[in-house]
Every structure is written in C-alpha cells, then in structure tokens.
Amino acid sequence: MKKADLHMHTTLSDGLLTPEEVVRWAYKKNIDTISITDHDSIDGISRAILESKKYDINVVPGIELSCFFQDHEIHILGYFIDYKSEKLNKFIKKLKESRKERNYKIIEKLNKMDIDISVKEVEMLSSEGVIGRPHIARVLIDKGIVDTVKGAFDIYLSKGKPAYVERYKVSVKDAIDLIHSIGGVAVFAHPGLINNSMILNNILQFKIDGLEVIHSKHNKDQVEELTNIAKHNNLIVTAGSDCHGYLDDGEPSLGNFFISAKDVELLKEKADFYKKML
Ligand code: AMP
Ligand code: ZN
Ligand code: FE
Ligand code: FE
C-alpha cells in the first residue's frame with residue numbers, strides 16, 4: 001500500500017526538521033505522500049516540493065490554522081490550497097505581525113518575574129519561521145529554568161498561567177471559508193485532543209470537509225468513534241503524525257500514522273470542486 005502522512009511541521013514553524021529533511025525522512029520511511037502543514041505558514045511548501053522531485057514523493061500543499069471556537073483553540077488543516085494566493089499571504093502576514101507583538105508581551109511578563117530572557121534569544125532559534133511559545137519554551141529549557149517544553153507551558157505559557165498572552169486568531173468558520181476561497185479542503189485537526197462532543201457537533205455544522213481521525217495522540221477508541229462520526233457525516237478521513245521532528249529511538253514520528261495514498265484522491269477531488277467554484 002502506498003502511504004500518506006498528511007500532518008507535519010518544519011523549521012518554518014515549530015518543527016525541528018527542515019522541509020528538505022522532512023522529504024528525506026518520508027523517503028527513508030517509505031511514505032509516498034506527505035503534506036507540509038506548518039502553523040500559520042506556507043514558507044516550507046515550495047522547498048519541500050523542490051526536494052521531493054529527487055525522491056519521487058508527492059507533496060500536498062497544506063497549512064494548519066490556529067482558530068478559535070468559543071473559548072477553545074481549534075486547529076483547522078487546509079489541503080491542496082493555492083498557497084501562492086495573495087489573499088492567503090496577506091492573512092499570514094497579519095498573523096505574523098500579531099505573533100511578533102505577542103512575543104514581546106510574553107517576554108515582558110517573564111522579565112517582570114525576574115526571568116532573564118530576551119526576544120533576540122527566542123528569535124535566534126528560528127530565523128526563518130513562525131515564532132511562538134514553543135520557541136520561548138526552548139529558551140527557558142536552555143537556561144535551566146524549566147526541564148521540558150510541557151513544564152514551560154504548565155508553569156508559564158498556557159492559558160491561565162502568568163506569562164500567557166492571547167493573540168489574533170480567526171474563527172473556525174472564517175478559517176474554513178478562507179481555505180475554500182483558495183481552492184482547498186478544510187479538515188478538523190486532531191479532534192480527539194479537544195475531546196468534547198459538543199464542540200465537535202458544532203464544528204460539524206460548518207462546511208468542514210474532513211476529520212483527522214488517525215493522529216499520533218488519538219487512542220484506539222477515539223479512532224473508532226471518529227471513524228463512525230466521519231462516516232455518518234459524510235466526511236473525508238485523514239491521518240497525520242503531526243511530527244515536530246523530535247527523535248524517538250533515533251527516528252522522527254513522521255510516517256507512523258497514515259492513510260492509503262489513494263484516499264488522498266478524495267481530498268483532491270473535493271479541492272478541485274472548490275477550485276471550479278472560484
Ligand atoms: P503558539 O502557536 O505560540 O500559541 O503555541 C502553540 C503550540 O505550542 C502548539 O502548536 C503546540 O505545539 C505547543 N503547545 C501548546 N500547549 C502545549 C503544552 N501544554 N505542552 C507542550 N507544547 C504545547
Ligand atoms: Zn506545533
Ligand atoms: Fe495542532
Ligand atoms: Fe500540528
């Protein structure tokens with residue numbers, strides 16, 4: 001079976017692997033189709049596509065948008081998007097500016113707690129990409145202030161913690177509409193992490209096209225339940241490792257969670273439908 005892993009991050013957001021390294025890992029792990037789904041960024045896509053030609057790997061242009069629904073942060077994946085569209089690029093620029101302002105505010109809050117950390121130190125970790133709390137967490141680890149990324153979130157960076165700062169996000173509905181307007185399909189990322197059927201039911205009322213049923217953090221019961229929900233609601237099932245490049249026994253999780261590459265055709269057909277409507 002040809003395999004497709006449709007969810008991973010690169011150094012252009014908070015991943016540790018470059019787009020080129022991601023493609024080479026896909027090749028090593030026998031994955032035929034990947035999608036680069038960086039947080040609020042499309043900068044890794046063309047680099048991955050260029051590298052993929054050497055290895056005969058298919059790269060689906062993707063993105064993972066951080067959205068809000070009520071009080072919750074929801075991630076929506078867009079696939080087969082026109083990633084060069086002016087509309088998308090304007091939107092991403094706005095998000096980047098908002099992140100930059102927010103990073104300054106987070107650092108300021110940490111400084112007020114007598115933690116010696118600067119924006120420059122954080123930006124040095126990712127000269128090219130989308131900078132956010134995971135990068136701040138890594139600096140805090142390097143300085144011995146916390147032991148793990150999770151620790152940094154639990155003590156300082158999560159909502160409700162002392163260095164938390166809100167940032168600009170779109171609503172789930174607007175994110176889905178944006179993705180359709182640039183010829184892409186919209187998939188609800190890792191619904192099992194939200195694990196809230198009320199929210200899931202609400203999101204199903206929007207024009208979502210698919211559910212990320214198979215995900216590195218979903219257990220067997222969740223996969224089964226989400227498979228049934230997808231079937232009942234006529235949604236496309238997708239799969240993703242959500243690989244951030246951390247090594248486990250020397251290998252990243254890339255390719256450990258997958259669907260058949262044939263199923264990617266369903267996403268493509270639906271995207272073609274939206275493209276025709278433009
Ligand atoms: P940001 O984009 O700056 O809001 O940071 C969000 C990212 O931080 C998520 O995509 C996760 O990769 C990571 N993250 C969020 N919460 C946690 C947590 N509790 N532990 C570890 N990583 C987290
Ligand atoms: Zn991430
Ligand atoms: Fe996510
Ligand atoms: Fe992700």
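Positions are given from 1, in the same order as the sequence printed here. Indexing begins at 1, ligand by ligand and atom by atom, following the structure's order. Note: hydrogens, waters and symmetry copies are ignored here, and every other heavy atom, side chains too, is used.
- A salt bridge links E121 to K143: at least one charged side-chain nitrogen sits closer than 4.0 Å to a carboxylate oxygen.
- On a distance-only criterion, H75 and ligand 1 share no N/O pair closer than 3.5 Å.
- Among the atoms of D14, an N, O or S atom falls under 2.8 Å of the Zn ion (ligand 2).
- Comment: K220 does not engage E224 in a salt bridge, judged by the lack of any side-chain N to carboxylate O separation of less than 4.0 angstrom.
- Put simply, atom 18 (C) of ligand 1 has protein non-hydrogen atoms near it, under 4.0 Å away.
- For the pairing with N111, the side chain to side chain contact (heavy atoms under 4.5 Å, CB included) check across I107, D114, I115 returns one residue only, I107.
- Checked by atom type, the side-chain pair T10/R47 shows no donor-acceptor distance below 3.5 Å.
- Nearest protein heavy-atom contact of atom 14 (N) of ligand 1 is F153 CZ, 3.3 Å.
- Atom 2 (O) of ligand 1 has R99 NH2, 2.8 Å as its closest protein atom, hydrogens excluded (heavy atom only).
- Between E73 and ligand 1, no pair of N/O atoms sits closer than 3.5 Å.
- Side-chain atoms of E97 never come within 3.5 Å of backbone atoms of K94 as a donor-acceptor pair (strictly under, hydrogens ignored).
- Between the side chains of D209 and Y274, at least one donor-acceptor pair of N or O atoms lies under 3.5 Å.
- Under 4.0 angstrom from ligand 1, the non-hydrogen atoms of R102 all belong to its side chain.
- Atom 10 (O) of ligand 1 has its closest protein heavy atom at H39 CE1, 3.2 Å.
- Listed by number with element, the atoms of ligand 1 under 4.0 angstrom from any heavy atom of G132 are 3 (O).
- Within the 4.0 Å heavy-atom cutoff, H9 does not count among the residues contacting ligand 1.
- Of the charged side-chain nitrogens involved, none lies within less than 4.0 Å of a carboxylate oxygen, so that E166 and R102 do not count as a salt-bridged pair.
- Only one option out of V237, D272, L6 pairs with L267 in a side chain to side chain contact (heavy atoms under 4.5 Å, CB included); it is L6.
- Not a single heavy atom of S66 lies less than 4.0 angstrom from ligand 1.
- The set of protein atoms (N, O or S) found at less than 2.8 Å from the Fe ion (ligand 3) reads E64 OE2, H75 ND1, H190 NE2, by chain and number.
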**Study point:** Steps toward side chain to side chain contact (heavy atoms under 4.5 Å, CB included) verdict (I76, V170)
**Key:** CA-CA 10 Å; I76 300 292; V170 271; over 6 Å; no
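- Considering only heavy atoms from C-beta on, K275 comes within 4.5 Å of F80 through its side chain.
- Just one of K169, R99, K96 meets the salt bridge (Lys or Arg N to Asp or Glu O under 4.0 Å) condition when paired with D40; it is R99.
- In summary, the atoms of ligand 1 found under 4.0 Å from a heavy atom of V149, numbered by their order in the structure, are 21 (C), 22 (N).
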Point to revise | Verdict with reasoning, H9 to H39, per ring pair (Phe, Tyr, Trp, His ring centres under 6.0 Å) | key: CA-CA 7 Å; H9 299 272; H39 300 285; 4.0 Å; yes
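- The N/O atoms of K150, backbone and side chain alike, include none that comes under 3.5 Å of an N/O atom in ligand 1.
- Nearest protein neighbour of atom 7 (C) of ligand 1, counting heavy atoms only, is P134 CG, 3.7 Å.
- Taking the charged nitrogens against the carboxylate oxygens, K28 and E251 have no contact shorter than 4.0 Å, which rules out a salt bridge.
- At least one donor-acceptor pair closer than 3.5 Å links the side chain of S35 to the backbone N or O of V60.
- When non-hydrogen atoms are compared, ligand 1 lies under 4.0 Å from the side chain of D14 (C-beta onward) but not from its backbone.
- For atom 4 (O) of ligand 1, the closest heavy atom belonging to the protein is R133 NH2, 2.8 Å.
- Inclusion of H244 in the first shell of the Zn ion (ligand 2) is supported: an N, O or S atom falls under 2.8 Å.
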